[in-house]
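Counting starts at 1 for both ligands and their atoms, following the listed order.
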Amino acid sequence: MKKSFRLLFISLVSFLFIQTSFLQKNNQKQLNNTDIERRIDSVLSLMTSEEKAGQLNQLSYGFGWGPDVILQIPTEYTDLIRSGKIGSFLNATGAKLTRELQRIAVEESRLKIPLLFGFDVIHGVKTIFPVPLAEASSWDPDLVQMSASLQAKEAASLGIHWTFAPMVDIARDPRWGRIVEGSGEDPFLGSEMAAARVKGFQGDLSSNKNIIACAKHFAAYGGAEGGRDYNTVDISERTLREIYLPPFKAAVDAGAQTIMCSFNEISGVPSSSNKFLLTDILRNEWKFNGFVVSDWNSIGELVNHGVAANLKEAAMLAINAGVDMDMESRSYVTYLSDLVKEGKVSEDRLNEAVKRILRIKFKLGLFDTPYKYCNEDAETMTVMSQEIQDAALLSAQKSIVLLKNQNGILPLKKDLKSIAIIGPLANSKKHPLGSWEQMGDSNDVITLLDGIKKAAPQAIISHVKGCTIKGKSKNDFPLAVEAAKNSDIVILALGEEGHMSGEARSRSSIELPGVQNELAVELFKIGKPIIVVLMNGRPLAINWIAENIPAIIESWFLGIKSGQAIADVIFGDVNPGGKLPVTFPRATGHIPIYYNHKNTGRPSNPLDYFTSKYLDLHLTPLFPFGYGLSYTNFSYDEIQLNKTKIKMDDTLKVSVNVKNTGNYDGEEVVQLYIQDVTASITRPVKELKGFKKIFLKKGESRDVEFIITKNELSFYDASMKWIAEPGSFKVFAGSNSADAQFKTFELD
Ligand code: NOJ
């Protein structure tokens with residue numbers, strides 16, 4: 001067949017195929033897996049290797065949304081779409097823009113394969129929710145799932161199919177700015193949050209209100225040396241499997257459709273070329289059947305890592321290791337078809353990657369209904385809808401952690417005559433939006449000042465900043481002192497800028513920046529009651545404040561409803577029930593400090609000099625993992641075990657009676673930890689294995705039950721086998737990792 005004839009023939013066949021596909025108008029729900037596989041194979045059979053490589057290419061578009069978005073699509077992009085050299089955009093948003101991009105793909109490209117639109121929906125798109133670290137403080141997977149589902153709904157109405165979330169990286173080092181994007185230090189809590197977010201985002205993918213999730217950054221990105229972003233990670237396989245991988249496994253088990261590999265290396269192998277991680281563990285052990293996307297140019301960075309001589313070699317390493325889609329490095333679209341011709345990448349591997357991406361496009365129904373997410377009316381009705389804003393408020397209320405409340409100074413009475421609201425974050429509209437504010441508008445933010453004014457309308461409110469967040473000037477201190485003197489009470493909002501945490505925002509110190517601590521000291525001297533409200537993206541070493549200020553509220557960055565939620569807590573309309581998902585160190589030099597540490601051969605003992613300690617710092621944390629107060633009190637009865645000896649396939653019932661002994665109704669997170677006392681491998685002093693968030697009216701009590709099976713007692717042995725060993729275990733139940741009573745039992 002002559003070349004021109006052959007081309008004509010292929011075009012005709014593909015045209016007919018695509019037409020039949022569209023004419024089928026299959027309802028997504030009716031498409032079963034066999035149908036999908038059959039249709040994937042048909043599409044694949046029509047693709048040239050350039051088009052296949054194109055499917056694996058993802059580029060960033062740029063920002064802009066809403067009916068007024070200017071549709072000047074750069075010709076570079078229209079050319080790429082028409083020639084089938086791009087499979088996905090990130091950062092293309094808005095029903096109008098995504099519809100037009102999609103139209104070009106499904107009407108003007110040869111094979112009419114729809115595009116996939118990805119976006120970082122980390123804590124909302126336009127309606128900004130609390131940062132993930134804050135939401136993790138709720139210890140409430142149902143809330144987190146609901147929150148993710150509404151974030152998905154808003155995102156979907158903006159044409160987005162896919163979020164690069166949840167970020168499930170465990171972080172034991174608060175210097176690392178990205179700690180704010182995850183769920184803290186613990187693999188169990190992290191796994192619960194990961195699964196909840198995946199379920200919330202993905203919900204029902206056949207609807208147009210859910211989006212696919214992407215668990216990231218695979219893996220151990222949070223283990224960066226010195227807490228410096230993108231830095232080397234050097235950890236054992238045990239730490240990898242026990243600490244960093246569980247939330248990814250939970251995300252995969254919850255059905256996450258995609259995984260993003262991380263920028264870092266682990267013990268010499270960058271994640272983007274890590275076959276052990278991406279193929280052996282993810283595909284072979286976990287049976288993950290979605291696709292893996294690289295992080296932004298992380299394939300290109302294999303050259304900087306020093307494992308690839310050039311971009312072509314980087315592409316070869318990445319695809320052969322298991323990275324299916326290339327975000328931004330353009331290495332796949334440029335080199336993959338040559339690499340296949342040269343026999344350096346197998347046709348099968350290329351096909352497999354393409355099939356994984358097409359499969360998701362089919363699952364989303366994009367082949368049959370390519371514009372299902374591109375409806376401008378739906379966008380107008382959904383973005384910032386009351387339903388989504390209400391969810392953002394609820395999430396903000398539940399994310400707050402009460403760290404100190406000496407003599408029950410909180411909640412405040414609403415008939416206070418005068419309040420001084422001081423501090424660089426007191427009236428900030430910007431910072432509560434956190435680090436991934438996306439299309440969030442600071443004008444939508446309710447500041448703390450706004451919130452207090454609304455909650456106590458009769459009070460005389462004076463507001464002084466006192467200082468900036470990072471600046472050195474104390475010029476405004478006298479004004480702040482004056483305002484404090486003339487008021488009944490001081491609310492002092494301190495912390496970090498919203499952009500002092502997040503990507504590439506590591507700090508070498510976790511102290512309060514600037515002169516904020518000094519401002520607190522000055523105000524304290526006046527002798528008025530002070531409530532410190534913290535806004536920050538990481539645990540802070542606030543020793544002086546913790547020691548001297550009677551009330552401390554940790555609000556992290558709560559999004560647009562920040563001030564309202566904090567005011568609700570301050571005046572008792574909401575009784576705080578959050579618990580810390582991460583340990584608060586006493587100093588930067590305390591890092592790493594986490595509750596599930598090992599005992600060592602010489603555990604700290606003040607009576608014995610030659611034991612593990614610092615000469616100049618108390619070893620205990622400032623606030624432990626799992627800690628958080630309520631306006632009410634909870635008492636715990638003795639733990640009850642239904643047996644003191646169990647066999648390997650038995651279950652152990654642990655129950656504890658918890659009573660609300662205070663004066664308010666309230667929520668408590670009952671936490672269950674275990675310790676394998678003697679094992680063939682050293683085990684942590686405590687490991688969280690369960691928690692239950694309960695609501696008790698004042699005076700009410702309840703038995704809270706947990707079931708322990710062999711799985712909760714297992715760990716990786718010397719040959720990395722998941723086993724439980726006979727012997728003694730301690731089981732702890734309590735209100736935080738440092739305040740939990742225990743009982744012992746034997747595993748036979
Ligand atoms: C780089 C970040 O590491 C990742 O988390 C994010 O999803 C991508 N950029 C895309 O914005």
Side-chain angles (χ1 to χ4, degrees), residues 56-65 86-93 116-125 131-133 148 151-152 155 158 160-171 176-183 190 194 197-198 201 211-224 227-233 244 247-248 251 256-266 270-272 274 290-302 304-305 318 323-330 434-440 499 501-506 537:
L56 314 188
N57 183 31
Q58 184 191 50
L59 296 177
S60 176
Y61 185 85
F63 286 81
W65 75 283
I86 184 160
S88 171
F89 278 106
L90 69 150
N91 299 332
T93 48
L116 190 64
F117 297 114
F119 194 72
D120 288 283
V121 186
I122 309 298
H123 50 111
V125 182
V131 294
L133 188 63
Q151 292 171 35
L158 283 153
I160 296 161
H161 305 137
W162 174 26
T163 173
F164 305 119
M167 190 278 216
V168 303
D169 296 315
I170 296 298
W176 191 52
R178 300 202 81 169
I179 194 170
V180 70
E181 295 175 51
S183 296
R197 287 205 170 94
V198 168
F201 286 132
I211 58 180
I212 59 174
C214 179
K216 69 184 188 186
H217 307 81
F218 197 60
Y221 182 37
R228 183 159 53 81
D229 204 9
Y230 316 121
N231 204 8
T232 306
V233 175
Y244 292 99
F248 287 98
Q257 298 289 311
T258 69
I259 298 276
M260 182 187 291
C261 63
S262 55
F263 288 123
N264 57 283
E265 68 162 75
I266 303 175
S271 297
S272 303
N274 196 327
F291 73 81
V292 173
V293 62
S294 77
D295 203 343
W296 185 290
N297 190 38
S298 70
I299 299 180
E301 289 165 20
L302 292 175
N304 286 345
H305 276 290
V323 182
D324 301 305
M325 183 180 275
D326 169 15
M327 182 192 285
E328 272 290 320
S329 89
R330 298 182 190 232
S435 71
W436 279 106
E437 72 268 43
Q438 299 300 46
M439 298 171 200
H499 281 194
S501 52
E503 186 179 349
R505 292 166 191 150
S506 296

Show, in sequence, the C-alpha distance, side-chain angles and deciding distance for Asn264 and Ser271, and conclude whether the side-chain contact (heavy atoms from CB on, under 4.5 Å) test is met. CA-CA 6 Å; Asn264 57 283; Ser271 297; 4.1 Å; yes
Whether Phe248 and Phe218 hold their rings parallel, tilted or perpendicular, with breakpoints at 30° and 60°: perpendicular
Which residue owns the protein heavy atom closest to atom 6 (C) of ligand 1, what's the atom, and how far is it? Asp120 OD1, 3.3 Å
Please walk me through it: do Met327 and Phe164 pass side-chain contact (heavy atoms from CB on, under 4.5 Å)? CA-CA 12 Å; Met327 182 192 285; Phe164 305 119; 3.9 Å; yes
So is Glu181 in contact with ligand 1, going by heavy-atom distances below 4.0 Å? no
Using a strict 4.0 Å cut-off to heavy atoms of Lys216, name the atoms of ligand 1 that fall inside it. 4 (C), 5 (O), 6 (C), 7 (O)
For Leu90, atoms of ligand 1 separated by under 4.0 Å from a heavy atom: 10 (C), 11 (O)
Phe164 heavy atoms, cut-off 4.0 Å: which ligand 1 atoms fall inside? 7 (O)
Is there a side-chain contact (heavy atoms from CB on, under 4.5 Å) between Asp120 and Gln438? Walk through the geometry before answering. CA-CA 8 Å; Asp120 288 283; Gln438 299 300 46; 3.3 Å; yes
Against ligand 1, does His217 come closer than 4.0 Å with any heavy atom? yes
Examine Phe291 together with Trp162 and report whether their ring centres are nearer than 6.0 Å. yes
Is it true that His499 and Glu437 share a donor-acceptor pair across their side chains at a distance under 3.5 Å? yes
For ligand 1 and Trp296, I'd like to know whether there is a polar contact (N/O to N/O, distance under 3.5 Å). no
Given side chains that start at C-beta, do those of Glu328 and Ser60 come closer than 4.5 Å, heavy atoms only? yes
Which protein non-hydrogen atom lies closest to atom 4 (C) of ligand 1, naming both residue and atom, and how far is it? Asp295 OD1, 3.3 Å
Side chain, backbone, both or neither: which part of Met167 comes within less than 4.0 Å of ligand 1 when only heavy atoms are counted? neither
With heavy atoms only and a cut-off of under 4.0 Å, state how Arg178 meets ligand 1: side chain, backbone, both or neither. side chain
